[in-house]
Number of protein chains: 2
Amino acid sequence: MPPRRRNTYHHGDLRRAVIDAALQAIREQGSPDFSLRALARRVGVAPSAPYRHFEDKRALLAAIAAEGFRLLADGLRKAAGTARPGSLDHLRELGVAYVRFAARHPAHFRIMFRPELADKTPYPELLDAASDSFDVLTSGIRAAQESGVVRPEETGRLVRASWGMVHGIAALAVAGQFGRSRAKIEAIARSASEALIRGLEA
Amino acid sequence: MPPRRRNTYHHGDLRRAVIDAALQAIREQGSPDFSLRALARRVGVAPSAPYRHFEDKRALLAAIAAEGFRLLADGLRKAAGTARPGSLDHLRELGVAYVRFAARHPAHFRIMFRPELADKTPYPELLDAASDSFDVLTSGIRAAQESGVVRPEETGRLVRASWGMVHGIAALAVAGQFGRSRAKIEAIARSASEALIRGLEA
DNA sequence: ACTTGATGTGTGCGCTGTCCACACCCCTGC
DNA sequence: GCAGGGGTGTGGACAGCGCACACATCAAGT
């Protein structure tokens, strides 16, 4: 990619610029109620320019959601790396990492589970990223079961309970219900994860 | 209220009809992306008629959210009634009832935590209903602490963990991640609540 | 009967998402 | 070293939207 050009007919990296403007708008109002035209104005291009990069508004949201799931999978893997796979610590760090991702990337998080993207079929990029994240969680729990530290109950059930818990804490945190302090939010996630894991121990 | 009048200039209960049409639309598309004009068409009134009952679109959503919180508080209180206050069973039933509410009233649930309603200040009805629901949860946990069956940890922390868990399971269930069967969804909620409670026992 | 206030109608404004024909300009093949 | 082609941005158009405002209708109280 050539260095940023200014005052040229072509923008340089309009796709990225539109995504960033959208994230900014989501951060400001909490919801993707921006208009594509306003985004274009902010970026300094014609109203129809973004349509060269996104089929429609939903496709833009899908791109943001996919980016979010990629960031989430990264965060989960990184956190998991700090503890022995299959250990209870590993499990707890997965939970904390889920919530930390939401606290660090609230704008992404707010888009990722939007109902209008529930059918990910038209967006293979989104579908892949989402299942990848889900797999990291699932295999973390399965490993803990295999190493015998967690009940040998049906894995899917444990995944749903764990995922549900961290997802709920993340959602409420992003909604501002737990205050603005990331440290406090992570502390909540940590103690909640510990409690749930205690309840799931073999 | 007089009996339903048809073919009259005045509708009879337009406010209720608009809310119901909105709920129907939310059920159909998962998000409140309907137009107020379409709602009016469905109900058979002029595009501007709903504005007699709702200041704007957000106020309509706020009314739905408030109704949702009232239904939630009812459901929580009813479920709580089936077990001795302060007992672990009582706690579990609260958790199950939260998720059951979401499974039974998904359209309400989808609206209740929308970011555009996060500032409930302009909607005192919504504010009251929301804090009432929250109080039922909080006092349930406090009672369990006082009867000595749950750790005497800071109550707020326990509330956040518990609320987060049931909220996450509810959200994922409403998003269709756990399939359509209400029985299965409640089973997940039940076993997850039991696990968390085990982890929180004194 | 007359007024009055609540409720529904009709019309208009500015904005939106999206489409289309056209302008521009970088890159590649000759 | 130049022609032109394809990817990218422009400008204008259209239908539909949220919402405002002036007017119509009707029930209820005097």
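Chain identifiers are assigned alphabetically (A, B, ...) following the order of the sequence lines, protein sequences preceding nucleic acid strands; residue numbering begins at 1 within each chain. Side-chain atoms are counted along with the backbone in the values below, which use heavy atoms only and exclude waters and symmetry mates.
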**OP:** Answer yes or no: is there a side-chain heavy-atom contact under 4.5 Å between Leu76(B) and Phe101(B)?
**Re:** no
Original post:
Can a side chain N or O of His53(B) be found less than 4.0 Å away from OP1 or OP2 on dG8(C)?
Top reply: yes
**OP:** Taking only Lys NZ, Arg NE, NH1 and NH2, and the carboxylate oxygens of Asp or Glu, determine whether Asp20(B) and Arg42(B) approach each other closer than 4.0 Å.
**Re:** no
Original post:
Where along residues 25-33 of chain B does a heavy atom come under 4.0 Å from DNA chain D, residue by residue in number order?
Top reply: none
Subject >> Interatomic distance where CZ belongs to Phe54(A) and P belongs to dC19(C) [whole Å] >> reply: 15 Å
**OP:** Nearest whole angstrom, please: distance from the P of dG8(C) to the CZ of Arg15(B).
**Re:** 12 Å
Original post:
When you check the side-chain N and O atoms of Arg142(B) and Gln145(B), is any donor under 3.5 Å from an acceptor?
Top reply: no
Original post:
Reading nucleotides 11-19 of chain D from the 5' end, what letters show protein touch, with B for base, S for backbone sugar-phosphate only, - for no heavy atom under 4.0 Å?
Top reply: B-B---BBB
What donor-acceptor contacts under 3.5 angstrom involve side-chain atoms of residues 163-175 of chain B, with partners at least two apart or in another chain?
residue   : atom : partner  : partner atom : Å
Trp163(B) : NE1  : Tyr98(B) : OH           : 3.1
His167(B) : ND1  : Tyr98(B) : OH           : 3.0

Original post:
Hey, what bend do you get for the helix from dA1(C)-dT30(D) to dC30(C)-dG1(D) if you fit axes on five pairs at each end, rounded to 10°?
Top reply: 10°
**OP:** Answer whether the closest heavy-atom distance between the side chains of Val18(A) and His53(A) falls below 4.5 Å.
**Re:** no
Original post:
Leu14(A) CG to dT8(D) C1': how many Å, rounded?
Top reply: 9 Å
Original post:
Going by an N to O cut-off under 4.0 Å, is there a salt bridge joining Arg190(A) and Glu93(A)?
Top reply: yes
**OP:** Not counting sequence neighbours, which residues clear side-chain contact (heavy atoms from CB on, under 4.5 Å) with Arg157(A)? List them please.
**Re:** Glu153(A), Glu154(A), Ala187(B), Ser191(B)
Can you give the donor-acceptor pairs under 3.5 Å from side chains of residues 103-118 of chain B to other protein atoms, not counting sequence neighbours?
residue   : atom : partner  : partner atom : Å
His108(B) : NE2  : Glu67(B) : OE2          : 2.7
Arg110(B) : NE   : Gly30(B) : O            : 2.9

Original post:
Do the side-chain N and O atoms of Ser87(A) and Asp89(A) include a donor-acceptor pair separated by under 3.5 angstrom?
Top reply: no
Subject >> Identified side-chain contact (heavy atoms from CB on, under 4.5 Å) counterpart of Leu91(A) within the set Leu137(A), Ile141(A), Leu200(A), Val96(A) >> reply: Ile141(A)
